[in-house]
Chemist: 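To start, I am sharing the structure in question, which I have written as structure tokens.
To find a chain, count down the sequence lines: A is the first, B the second, and so on, and within it residues start at 1. Just the heavy atoms: all of them, side chains too, but no hydrogens, waters or symmetry mates, feed the values below. Remember, predicted model here, so these are calculated numbers, not experimental data.
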Protein chains: 2
Amino acid sequence: MRDNNEMPGHLARRFQQIAVAVFLAEVEEAGFDLTPVQYAALAAIKMNPGIDQVTLAGLIAYDRTTITGVVDRLVQKGLLVRHASPRDRRARELQITEAGKRTLRAITPAVEAAQHTMLRGLTEKEGAELMRLLRKAITAGNELSRAPLREARLG
Amino acid sequence: MRDNNEMPGHLARRFQQIAVAVFLAEVEEAGFDLTPVQYAALAAIKMNPGIDQVTLAGLIAYDRTTITGVVDRLVQKGLLVRHASPRDRRARELQITEAGKRTLRAITPAVEAAQHTMLRGLTEKEGAELMRLLRKAITAGNELSRAPLREARLG
DNA sequence: TACTGATAATCAGCATGCTGAGCAATATCG
DNA sequence: CGATATTGCTCAGCATGCTGATTATCAGTA
């Protein structure tokens, strides 16, 4: 039986657990109530106005069924609007609201602080190396989950 | 706005997402139905017979409220038994069953294969370095989540 | 145009994982 | 001993995140 500390899966869970806790703590301290996933979605929609939900899911590697609830909650909070696409009546186009933009701007320092805090045990160099190795492992394993990263289709 | 690939929190989520998918796929292929968390709990209980739920939670860094459901499901599957402690009537002592032991033995190759698969994009050396950096970051951040790792109390 | 397959979104159901609250039992201290 | 604090566990409630199914729509083709 391998020790937990030798199991990449266990280490992945622990690091993610800490990362989420740090994110939520920093964001709450800044006076906001937004989860990591909600933040990622909001930022992606700001960068890609009018994006549909499937494309959004691919951009940030969500499961397509998860996104329905996330978008629901962002709409509920008034940070997004969702309306039917004129070109494809199956699709819903997502737009960030003014309140959403304000929230994103205001929350960014807390998000940056969180990214720093979760690496606080590492040197600058080690943090960069950890990110490089994670990116490499993720790229190789991209197709192994139901929610792989997908480039936005052009035009 | 930082790119997602420069956000350790995003990378943590993606890596964990892939790790879980790989684990479940390997385990299912081996003919079993056990989640990563259930496996970790079962293994920890086998190594620490009679452990109570809070100590178990600390050993594998769960939240104490999460463990109730996990243990419920393992008991349901017949892999564990849970009975009141004679020394402390608040506590529940956990014991692995024979079926639990058989399952653990049979599932181990699949779990090992999963740990290998989730690092398949990395060289041996890079995989070891990734684990080292994760351990270091996790150790430094241990107290930042509600479910920190705790040593089992002695005797 | 009718048929077939693919696609966008949603839903039901299940399993983490968290917050905060509550209950029962134990430990501690005046 | 008795009041208080602490501890082990459970629960309600919420938010991911998954599987698999369904519905509506679109795209391609016979």
Side-chain angles (χ1 to χ4, degrees), chain A residues 9 12-14 16-25 28 33-41 51-58 60-77 82-94 144-148 150 153, chain B residues 9 12-14 16-25 27-28 33-41 51-58 60-74 76-77 82-94 144-148 150 153:
Chain A
R13 183 179 70 83
R14 290 279 290 126
Q16 218 261 330
Q17 181 181 52
I18 291 166
V20 170
V22 166
F23 184 99
L24 292 175
E28 188 193 354
D33 172 31
L34 215 63
T35 67
V37 176
Q38 288 169 14
Y39 170 80
I51 194 174
D52 68 286
Q53 294 185 187
V54 165
T55 308
L56 170 62
I60 51 185
Y62 288 26
D63 190 89
R64 62 188 190 280
T65 63
T66 301
I67 219 173
T68 299
V70 173
V71 169
D72 277 351
R73 286 180 282 275
L74 287 171
V75 169
Q76 192 73 27
K77 289 178 181 177
R82 168 169 52 182
H83 51 75
S85 164
R87 287 177 304 241
D88 184 341
R89 295 214 310 268
R90 292 170 303 182
R92 314 297 191 87
E93 289 186 355
L94 304 173
L144 300 180
S145 83
R146 185 167 118 158
R150 298 275 182 239
R153 47 166 192 233
Chain B
R13 184 179 69 86
R14 291 279 289 125
Q16 218 259 330
Q17 181 182 51
I18 291 167
V20 170
V22 166
F23 183 101
L24 292 175
V27 162
E28 188 192 353
D33 173 30
L34 216 62
T35 67
V37 177
Q38 287 168 15
Y39 170 80
I51 194 175
D52 67 287
Q53 294 185 187
V54 166
T55 308
L56 170 62
I60 51 185
Y62 289 26
D63 190 272
R64 61 188 189 278
T65 63
T66 301
I67 220 172
T68 299
V70 173
V71 168
D72 278 350
R73 286 181 281 277
L74 287 170
Q76 191 74 26
K77 291 177 180 177
R82 168 168 50 182
H83 52 73
S85 163
R87 286 176 304 239
D88 184 340
R89 295 211 311 267
R90 292 169 302 182
R92 313 300 190 84
E93 289 185 357
L94 304 172
L144 300 180
S145 84
R146 185 167 118 158
R150 297 276 181 237
R153 46 167 194 231

Chemist: Calculate the interatomic distance between B:H83 atom NE2 and D:dG8 atom P; express it in whole Å.
Modeler: 17 Å
Chemist: Mind listing the closest non-hydrogen atom pair of A:A57 and A:I67 along with its distance?
Modeler: N-CD1, 3.6 Å
Chemist: Starting at CG of A:D52 and ending at P of D:dC26, how long is that distance when rounded to a whole Å?
Modeler: 13 Å
Chemist: Between B:R87 and A:Q53, which has a closest nucleotide on DNA chain C that is more 5'?
Modeler: A:Q53
Chemist: Taking the side chain as everything from C-beta on, heavy atoms only, tell me whether A:V20 gets closer than 4.5 Å to B:R13.
Modeler: no
Chemist: Looking at every heavy atom in both A:T35 and A:F23, which two are closest together, and how far apart are they?
Modeler: C-CE2, 3.6 Å
Chemist: Looking at every non-hydrogen atom in both residues, tell me the closest pair between B:A19 and A:A12 and how far apart they are.
Modeler: CB-CB, 4.4 Å
Chemist: Expressed in angstrom and rounded to an integer, what is the separation of B:R92 atom CZ from C:dA24 atom P?
Modeler: 13 Å
Chemist: Would you say A:T68 reaches C:dA9's phosphate, i.e. side-chain N/O to OP1/OP2 under 4.0 Å?
Modeler: no
Chemist: Are side-chain heavy atoms of B:E93 and B:D52 found at a separation under 4.5 Å?
Modeler: no
Chemist: Write out a two-atom table: protein N or O, nucleotide N or O from nucleotides 23-25 of chain D, distance below 3.5 Å.
Modeler:
unit_1	atom_1	unit_2	atom_2	d
D:dT25	O2	A:R90	NH1	3.1

Chemist: For a quick test of reading the model, state the closest non-hydrogen atom pair linking B:Q38 to B:Y62 and the distance between them.
Modeler: N-OH, 4.4 Å
Chemist: Do B:R14 and B:Q17 have side-chain atoms, one donor and one acceptor, less than 3.5 Å apart?
Modeler: yes
Chemist: Protein-nucleotides 2-5 of chain C N/O pairs closer than 3.5 Å?
Modeler:
none

Chemist: Could you report the tightest heavy-atom contact between A:L94 and A:V71, atom names first, then the distance?
Modeler: CD2-CG1, 3.9 Å
Chemist: Give the B/S/- string for nucleotides 16-21 of chain C, one per nucleotide from 5' to 3', where a protein heavy atom under 4.0 Å of the base yields B, of only the sugar-phosphate yields S, and otherwise -.
Modeler: SBBBB-
